[in-house]
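Notes follow the structure.
Nothing fancy with the numbering, it's 1 onward along the sequence. Side chains included, hydrogens not; waters and symmetry mates left out as well; all remaining heavy atoms used.
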Amino acid sequence: MNRLSIDFAPPTARRLLQQPWALAGILIGLVLCLAALLAANRLSQVRQQQAGQVALEQQRARRSAATVKAAPVIVIPAAQAAAVNRAVLQLNVPWQVLRDAIANATPDTVALLTLEPDADKHVLRITAEARTSEVMLGYVRQLDRQAILRGATLMRHEINEQDPNNPIRFQIDAMWGTP
């Protein structure tokens, strides 16, 4: 006959540990805990290694910052600085815009002789010749209407008596600025 195992006793921890599936569960749990402990230990080592590398890089950066020499201070005399600034102002004269404005305003009856910019004052001195005073004054008004030129003023004029045509030579000062 087959033996029947009938047990009416309440379950206890001791009795549970005698079951084969309980022992297998405990062993699996222990193996998982050991694996987690080893992974945490490896992550801790990696973190320490990275922290050491960061500290080493910071130390190198501090050393290289300490070894970098400051650029020598060059003292430029005031006269030389002023000359350089004047040259830069002269180079920054808006020649293209000024030339276009003067070309638009200059009729065929006016001969341009010189254009002299004063970059410090933003003034353009124009020397020209015309046959009559009406053409000369009309030219001054036409220059004053240009967007980039302001305050075109007739500064002086004279009749060139050595020329057989007796042209009027005149100078105009006009300020330039942004239109």
Side-chain angles (χ1 to χ4, degrees), residues 5 7 9-106 112-128 140 142-153 155 171-179:
S5 174
D7 189 7
T12 62
R14 183 176 182 187
R15 290 181 64 205
L16 280 175
L17 288 177
Q18 293 174 353
Q19 300 294 327
W21 57 268
L23 287 175
I26 291 172
L27 284 176
I28 291 172
L30 286 174
V31 168
L32 289 175
C33 284
L34 183 62
L37 184 64
L38 290 174
N41 187 25
R42 176 71 183 133
L43 285 175
S44 174
Q45 288 174 351
V46 168
R47 185 175 294 145
Q48 286 176 352
Q49 192 176 29
Q50 289 174 345
Q53 288 174 348
V54 167
L56 184 64
E57 289 299 321
Q58 288 175 344
Q59 190 177 30
R60 283 183 190 160
R62 280 193 297 270
R63 268 193 250 133
S64 67
T67 59
V68 172
K69 294 179 181 178
V73 177
I74 299 173
V75 178
I76 299 174
Q80 184 180 2
V84 169
N85 288 337
R86 280 192 305 276
V88 168
L89 280 173
Q90 287 290 82
L91 291 173
N92 288 332
V93 171
W95 279 112
Q96 183 71 31
V97 179
L98 288 173
R99 185 185 59 84
D100 290 345
I102 291 169
N104 288 337
T106 305
L112 288 177
L113 301 178
T114 62
L115 298 174
E116 300 173 39
D118 182 352
D120 291 334
K121 299 176 184 174
H122 284 250
V123 173
L124 180 65
R125 175 162 286 167
I126 302 167
T127 304
V140 173
Q142 188 65 24
L143 282 174
D144 201 31
R145 288 188 200 116
Q146 298 301 310
I148 194 166
L149 298 174
R150 296 183 313 272
T153 307
M155 299 306 287
Q171 282 186 348
I172 301 170
D173 281 356
M175 294 184 65
W176 81 76
T178 56

Those residues that, when tested against [X], pass side chain to side chain contact (heavy atoms under 4.5 Å, CB included) (two or more places apart):
{"X": "Ile76", "value": "Ile74, Gln80, Ala81"}
{"X": "Arg42", "value": "Gln45, Val46"}
{"X": "Ile26", "value": "Leu17, Leu30"}

| said: Which residues pass the side-chain hydrogen bond (donor to acceptor under 3.5 Å, both in side chains) test with Thr106, not counting sequence neighbours? | reply: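 By the side-chain hydrogen bond (donor to acceptor under 3.5 Å, both in side chains) rule, Thr106 matches Tyr139.
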| said: For Arg99, give me all partners under side-chain hydrogen bond (donor to acceptor under 3.5 Å, both in side chains), at least two apart in sequence or on another chain. | reply: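 side-chain hydrogen bond (donor to acceptor under 3.5 Å, both in side chains) check on Arg99 returns nothing, list empty.
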Least distance between heavy atoms, [X] atom then [Y] atom:
{"X": "Ala105", "Y": "Gln146", "answer": "CB-NE2, 3.6 Å"}
{"X": "Gln142", "Y": "Asn104", "answer": "NE2-O, 4.4 Å"}
{"X": "Ala152", "Y": "Ala174", "answer": "CA-CB, 3.9 Å"}

First locate atom [atom1] of [X], then atom [atom2] of [Y], and finally report the distance between them rounded to the nearest 0.5 Å.
{"X": "Ile148", "Y": "Leu124", "atom1": "CD1", "atom2": "CG", "answer": "9.5 Å"}
{"X": "Ile28", "Y": "Leu23", "atom1": "CD1", "atom2": "CG", "answer": "11.0 Å"}
{"X": "Met175", "Y": "Arg150", "atom1": "CE", "atom2": "CZ", "answer": "5.0 Å"}

| message | Is it the case that the side chain of Asp118 and the backbone of Val123 share a donor-acceptor pair, with hydrogens and angles ignored and the cut-off at 3.5 Å? | response | no
| Looking only at atom types and distance, does a side-chain atom of Asp144 sit under 3.5 Å from a main-chain N or O of Gly151, one as donor and one as acceptor? |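 Pair found, side chain donor or acceptor close to backbone of Gly151.
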Heavy-atom check, side chain of [X] versus side chain of [Y], under 4.5 Å:
{"X": "Arg125", "Y": "Ile172", "answer": "no"}
{"X": "Leu149", "Y": "Leu98", "answer": "yes"}
{"X": "Leu112", "Y": "Ile102", "answer": "yes"}

Considering only distance and modelled atom types, tabulate donor-acceptor pairs under 3.5 Å from the side chains of residues 48-61, sequence neighbours left out.
unit_1 : atom_1 : unit_2 : atom_2 : d
Glu57  : OE2    : Arg60  : NH1    : 3.0

